[in-house]
Amino acid sequence: MARIVMKFGGTSVANLDRIRAVAAIVRREVDAGHSVAVVVSAMAGETNRLVSLCQEAGEPAPALDARDVEYDAVVASGEQVTSGLLALVMQNLGYRARSWLGWQIPLNTDMAHGKARIADIDGGALGEAIDNGEIAVCAGFQGVAPDKRIATLGRGGSDTSAVALAAAVGAERCDIYTDVDGVYTTDPRLTKQARRIGKISFEEMLEMASLGAKVLQTRSVELAMRYKVPVRVLSSFDPPDAPGPGTLICDEDDIVEENIVTTVTPDFNEASVTILSVPDEPGRAAGIFIALAAANINIDMIVQSPSRNQGFANISFTTKEGDLDQAMKVLSDEQQNIGFKALQSDRNVAKVSVIGLGMRSHAGVAATMFRTLAEKGINIQNISTSEIKISVLINADAAEYAVRALHDAYGLDDLGQAARS
Ligand code: ADP
Ligand code: ASP
Ligand code: MG
């Protein structure tokens, strides 16, 4: 029978009743004869609580230092608890089960404590254990760094643990159980018109994740794409004996219908920075972005426009809200060197993106987006595009309205029960 990996997020293991419901889903697969590794998140809200405790105890420094290592020791504990509890509940049901912590697998990471990347996984012991009929309940989100200390994989990292473990043990599939019954045409919390998508390509899912849809961590989709792990997103709230079809994330060749726009994805976690009156000469933009890169600040949506002052330009870019204060500090420190006049920032912005494989072969997608927003009186501050997405930066107060209008404009409101099969 097949090896499979099943991952359960925070809401799915929020308390002992939920953990018992998860156990019923796991036993369905075990009873069907599969070798099963389970990956669990911390109970809902627990990681936030642990992060707050760390912040109260001492603000982590921007650069890697001893505090980031202790942050990992604290925040990784949430997954240790749920892995032990689910193993206990499975044992009580008469199954052989044990918890596996990151270092016991071992899941090896790099040294970037707090947002580590997986370096390699030795799936040998885990594969052997599950083939011997034991249920392996793995703590998600955590691994072990070269300094032999616990490292965590960034928020939402249990998705990445699950896909990486599936690749490491050669699993037939990786099932991600969460609190929605699949990937939707937009965040189902924003509009009742959102529709479940039957199949979505790795490329579209990667754009969605990196443009702010929380449903999967971006890195997990990258790994699924690289190692060709079929991933399904399913609800842990469906009855264990009647699971819904969920969403399959697969190769684009396996998708028959190619929507022009598959999803509308908002990101409320954005901030914009405008640098006013930068001397319009070679090397000034380089100075700005080299300084930001040195501080590990990711930037996006760069726009340069002429300033009212002859010989000067204004440069705007967006960054994650959490990086804004540091970006402003880095730029202030560089003001003399770069020679700009003033700095402005705005937290009240959101990025709204439309994503779809069909954009490659259809004209007019941007025109529909801009016309729709214009009709609703929504001003566009920045635009960026790739082969399969168009993103606009707008005032955050208008973002939900924009999502609903775009969802309708691209015909997503009118799709049947499942948007694509
Ligand atoms: P888990 O705790 O199981 O990892 P998350 O909260 O990280 O779950 O991700 C699931 C949430 O992602 C859903 O509750 C939903 O609000 C949000 N979400 C955002 N965009 C989408 C989308 N397009 N389709 C489905 N869910 C989405
Ligand atoms: N518990 C971690 C978080 O909340 C990891 C995860 O749930 O994926 O970010
Ligand atoms: Mg998640």
Side-chain angles (χ1 to χ4, degrees), residues 6-14 18 22 25 39-52 71-72 74-83 102 114-116 138-143 151-165 175-198 200 204-221 231-237 244 246-247 249 261-269 352-356 399-400 403 406-407 412 418-420:
M6 310 170 76
K7 180 254 166 177
F8 294 89
T11 333
S12 306
V13 292
R18 291 296 317 147
V22 162
I25 301 173
V39 174
V40 285
S41 290
M43 291 180 180
E46 179 64 3
T47 310
N48 287 346
R49 190 183 74 85
L50 295 168
V51 170
S52 299
Y71 165 94
D72 275 348
V74 175
V75 298
S77 65
E79 275 70 10
Q80 174 164 346
V81 170
T82 44
S83 61
K115 49 176 186 299
C138 307
F141 183 49
Q142 56 167 265
T152 60
L153 306 178
R155 298 306 305 268
S158 298
D159 298 326
T160 301
S161 310
V163 175
L165 285 171
D175 291 342
I176 307 273
Y177 286 86
T178 181
D179 54 6
V180 278
D181 65 350
V183 177
Y184 275 67
T185 48
T186 191
D187 187 341
R189 285 172 208 254
L190 294 187
T191 166
K192 284 205 181 71
Q193 301 299 330
R195 302 281 183 262
R196 184 179 56 79
I197 303 169
I200 189 166
E204 288 168 315
M205 195 63 230
L206 191 58
E207 287 281 11
M208 270 181 86
S210 63
L211 290 168
K214 191 178 159 207
V215 62
L216 287 178
Q217 199 196 37
T218 308
R219 185 88 186 111
S220 72
V221 188
V231 174
R232 288 194 307 174
V233 176
L234 301 152
S235 171
S236 68
F237 291 79
T247 298
I249 304 164
V261 166
T262 308
T263 72
V264 181
T265 298
D267 189 348
F268 294 95
N269 190 18
V352 176
S353 307
V354 296
I355 302 162
E400 287 196 26
V403 166
L406 292 168
H407 197 268
L412 300 174
R420 188 197 255 165

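As the structure lists them, so they are numbered: ligands from 1, and atoms in each ligand from 1. The shown structure was predicted, so the numbers you read here are calculated from the model rather than taken from an experiment.
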Practice item. Provide the number and element of each atom of ligand 2 under 4.0 Å from a heavy atom of T47. Key: 1 (N), 2 (C), 3 (C), 4 (O)
Revision key, fill the gap. Honestly, for T186 the part within reach of ligand 1 (heavy atoms, under 4.0 Å) is backbone
Check your understanding: For ligand 2, does Q217 get within less than 4.0 Å through its side chain, its backbone, both, or neither, judged by non-hydrogen atoms?
Key -> neither
Check your understanding: salt bridge (charged side-chain N to carboxylate O under 4.0 Å, His left out) between D179 and R189: does it pass, once the steps are laid out?
Key -> CA-CA 11 Å; D179 54 6; R189 285 172 208 254; 3.2 Å; yes
**Study point:** Closest protein heavy atom to atom 7 (O) of ligand 2, given as residue, atom name and distance to 0.1 Å
**Key:** S41 OG, 2.9 Å
Practice item. Check each atom of ligand 2 against the heavy atoms of R155 and keep those under 4.0 Å away; list them by number with element. Key: 3 (C), 4 (O), 9 (O)
Check your understanding: With a 4.5 Å heavy-atom cut-off, do M208 and I200 have their side chains touching?
Key -> yes
Review point. Polar-atom distance check: D159 versus ligand 1, any N or O pair below 3.5 Å?
Key: no
**Study point:** ligand 2 N/O within reach of K7 N/O, cut-off under 3.5 Å
**Key:** no
Revision key, fill the gap. the protein heavy atom lying closest to atom 11 (C) of ligand 1 turns out to be D179 OD1, 4.0 Å
Practice item. Determine, using heavy atoms of T263 and all atoms of ligand 1, whether some pair is separated by less than 4.0 Å. Key: no
Check your understanding: Less than 4.5 Å apart, any side-chain heavy atom of L50 and any of V74?
Key -> yes
Point to revise | Sub-4.0 Å heavy-atom approach of A194 to ligand 1 | key: no
Review point. N/O to N/O below 3.5 Å, does that happen between G10 and ligand 2?
Key: no
Check your understanding: At under 4.0 Å between heavy atoms, which part of R189 makes contact with ligand 1: side chain, backbone, both or neither?
Key -> side chain
Practice item. Take every heavy atom of Q217, measure it against each atom of ligand 1, and state whether any distance is under 4.0 Å. Key: no
**Study point:** Which segment of T178 sits under 4.0 Å of ligand 1 when only heavy atoms are counted
**Key:** both
Exercise for review: Could you tell me if any non-hydrogen atom of K7 lies under 4.0 Å from any atom of ligand 1?
Suggested key: yes
**Study point:** Validation row: L216, I249 side chains within 4.5 angstrom (heavy atoms)
**Key:** yes
Check your understanding: Does any N or O atom in S41 lie less than 3.5 angstrom from one in ligand 1, N or O only?
Key -> no
Review point. Are any of the N or O atoms of V183 closer than 3.5 Å to those of ligand 1?
Key: no
Review point. With a 4.5 Å heavy-atom cut-off, do V22 and Y177 have their side chains touching?
Key: no
